[in-house]
Amino acid sequence: MISTAVILSALELGCIYALVAMALFLSFRVLNIADMTTDGAFTLGCAVSATVAVAGHPLLALPAAMLAGACAGFITAFLQTKLNIPSILAGIITNTGLYTVNLAVMGFSSNVNLLRTPTLFTLVQPYLGSFFKLVPAAVIIVVMGIALVIFLNTRLGLSIRATGDNPDMVRASSINTGFTITVGLCLSNSLTALSGALLAQYQKTADINLGTGMVIIGLASLIIGETLLPKGKIWMKALGAILGSILYRFIIAIALRMDLPSECLKLISATIVALAIGLPAIKAYLKPATKGGKTGC
Amino acid sequence: MLKLHNISKTFNPGTVNEKTALSGVNLHLAPGDFVTILGSNGAGKSTLFGAIAGSFVVDTGAIHLDGVNITNMPDYKRSKFIGRLFQDPLKGTAPSMTIEENLALAYMRASSGTSPFSMISRKDRAEFRDRLAELGLGLEDRMNHPVGLLSGGQRQALTLLMATLVTPKLLLLDEHTAALDPATAEKVLELTKKIVEENHITCLMITHNIPSALSLGNRTIMMNNGSIVLELAGEERANMTTERLLKVFHEQGISNDRILFSADAE
């Protein structure tokens, strides 16, 4: 029922989308901000990557996409920290504006074709045989994962973590929360854009709608990963994001094999996320409150 | 050291909720002063701390610390040299981070010269260990535990250590033992006394406990309706008793059940 080709493609896509899960780990879990820029930043990464690749620089396309993503994150952070716009609204505003920007990047066309353009994957194809898609994606995700974990243990990383954990305390430690939020959102959106950049080159096309629902897919992957691995150190959580993303792709692959129409996937993802985030509340409703709860004084 | 000149603050001006929290407060602190602050709820004690720490911008007046005008400096910059503890032990620490990581954050105040990408060094770790051991709570063996697992008293002791890890120019204690059980409160107060004395830290402490307000430190002030209504120092303070101070309270028209209660309990 499941061929090696299916497994391989689930692994490949899992690795590519794991960058979004890692980005959301940084914004949603570490900084405690639901970053709605994600959808637009993903498409921005696709658009920049495709356009730069068409211009003949498939490798340069990746850092260019990351830079573009960081700019998108910076705008959301600016709206939030300098103009005091609530974080979710700030993300939605940037996301809305990005739609036009993304079209502009693709030359006001809703898609860009890379069929005859060399990509990162076609460049390494002669050396890696049938793993030419998996190996580069896996290497990038491992490098980014390690870099993220190391970064979160540096002084700057610690202050970003504390910003999401207890902002009062962070200000009392002479750290500017506006600055830490900005750095965090720039980094997370550059990861998201890198994911989009890889996907565009992977499927040899960029489309204005590729990013739709990406924030929910990323959250679903992140939450699946969190339930798989024990809670603990930062590296465990980063690993969870990667594993969750791969598992999510396997679930999708199986669903498609079972002749589930692909239009249903977004509804399934949305349901997974709603249930997973709502689980503590659901448990509380089901459990009778009389048994030695933590209520009272 | 610390100079407050004619500080005023009104919240929600021009609305029905208008509240003058501070009106024309003047206060001078000499280096090494330990001032205890008494006053009923809403007297402006915490607002005074907020003004000094920069939680909001004051309407009038000027604040100087060590000769530097800090009136318009943002709070995170002031916290480089002002340590602050709150009544709520949860406010001063990051719960999902370890003891060691929390201390590293507090330590950053001193290490503005080091790279933001540097990590906790072995030397830092040894220093944290020594300082934790001085608290006498056994926390030095739990440096990799998340702070969220500690009790309120342990968290408050850790917060105290974090606020003083790099000796601040000024330490603000806002009823920092009020949420703890009596034995733990006593212990944290002892630690406070020890750390403040050893490092000669200039300190302001809000309390509702008259006996400890009179016994700790070298000066006591009483606030009411956003102003300082009484200042005690030297011999006058040494001769002051809880009963006489309570009388002053009544003369000022201040009623405060918590203060009365703490005096009765003595």
Side-chain angles (χ1 to χ4, degrees), chain A residues 25-33 81-82 84 146-184 186-187 222 226 229-238 240 280 294 296-297, chain B residues 49 53-55 73-86 88-98 100-121 124 144-148 155 158-159 162-163 165-166 168 171-172 174 179 181:
Chain A
F25 164 64
L26 187 56
S27 56
F28 189 68
R29 285 295 184 225
V30 173
L31 273 177
N32 205 9
I33 292 171
T81 59
K82 299 285 182 210
N84 292 335
I146 291 173
L148 182 66
V149 171
I150 291 176
F151 173 73
L152 286 176
N153 281 307
T154 63
R155 285 176 205 279
L156 182 57
L158 284 180
S159 23
I160 290 176
R161 282 164 61 195
T163 306
D165 213 13
N166 189 348
D168 284 337
M169 170 251 183
V170 170
R171 274 190 291 275
S173 313
S174 78
I175 299 161
N176 180 357
T177 49
F179 175 72
T180 49
I181 288 174
T182 306
V183 173
C186 284
L187 283 178
L222 181 64
E226 282 172 352
L229 291 178
K231 281 187 180 175
K233 304 244 170 202
I234 288 286
W235 65 264
M236 191 79 95
K237 294 174 179 166
K294 277 184 185 172
C297 42
Chain B
F49 276 18
S55 308
M73 192 183 271
D75 55 355
Y76 68 92
K77 281 190 184 158
R78 294 191 205 189
S79 59
K80 243 191 169 67
F81 31 79
I82 298 177
R84 190 179 187 189
L85 261 73
F86 296 92
D88 182 355
L90 307 183
K91 262 195 170 170
T93 44
S96 67
M97 296 169 70
T98 65
E100 180 182 284
E101 287 167 344
N102 269 280
L103 285 168
L105 279 172
Y107 202 51
M108 286 204 298
R109 297 199 306 188
S111 49
S112 50
T114 54
S115 154
F117 298 106
S118 61
M119 305 181 58
I120 303 171
S121 70
D124 294 344
N144 286 318
H145 288 225
V147 169
R155 276 182 83 159
L158 179 64
T159 311
M162 285 166 61
L165 189 63
V166 179
L171 182 63
L172 303 175
D174 190 348
D181 69 78

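Throughout, protein chains are lettered first and strands after them, A, B, ... in sequence-line order, and every chain is numbered starting at 1. Just so you know, these numbers come straight off a predicted model, no measurement behind them.
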A:Asn153 side chain reached by B:Glu101 side chain, heavy atoms, under 4.5 Å: yes

Can A:Ile150 and B:Met119 be said to form a side chain to side chain contact (heavy atoms under 4.5 Å, CB included), step by step? CA-CA 9 Å; A:Ile150 291 176; B:Met119 305 181 58; 4.2 Å; yes

Which atoms of A:Ile234 come close to chain B, meaning under 4.5 Å heavy atom to heavy atom: side chain ones, backbone ones, both, or neither? neither

Over all heavy atoms of both residues, which pair between B:Tyr76 and A:Ile175 is shortest? Give the atoms and the distance, please. CB-O, 3.4 Å

Working to the nearest 0.5 Å, report the span between CD1 of B:Ile120 and CG of A:Leu158. 5.5 Å

Under a 4.0 Å threshold between the charged nitrogen and the carboxylate oxygen, would A:Arg155 count as salt-bridged to B:Asp124? yes

Pairwise distance CG(B:Asn102) to CG(A:Asn166) - rounded to 0.5 angstrom: 8.5 Å

Side chains of A:Thr154 and B:Ser118: does their closest heavy-atom pair fall under 4.5 Å? no

Does any backbone or side-chain atom of B:Ser96 lie under 4.5 Å from a heavy atom of chain A? Answer side chain, backbone, both or neither. both

Does atom CZ (A:Phe151) have a neighbourhood of more than 12 heavy atoms from anything else shown, all under 6.0 Å? yes

Note: vs chain A, highest number of non-hydrogen pairs under 4.5 angstrom among B:Asn144, B:Thr98, B:Asp75 is B:Asp75

How long is the span from the CE atom in A:Met169 to the OG atom in B:Ser79, to the nearest 0.5 Å? 10.5 Å

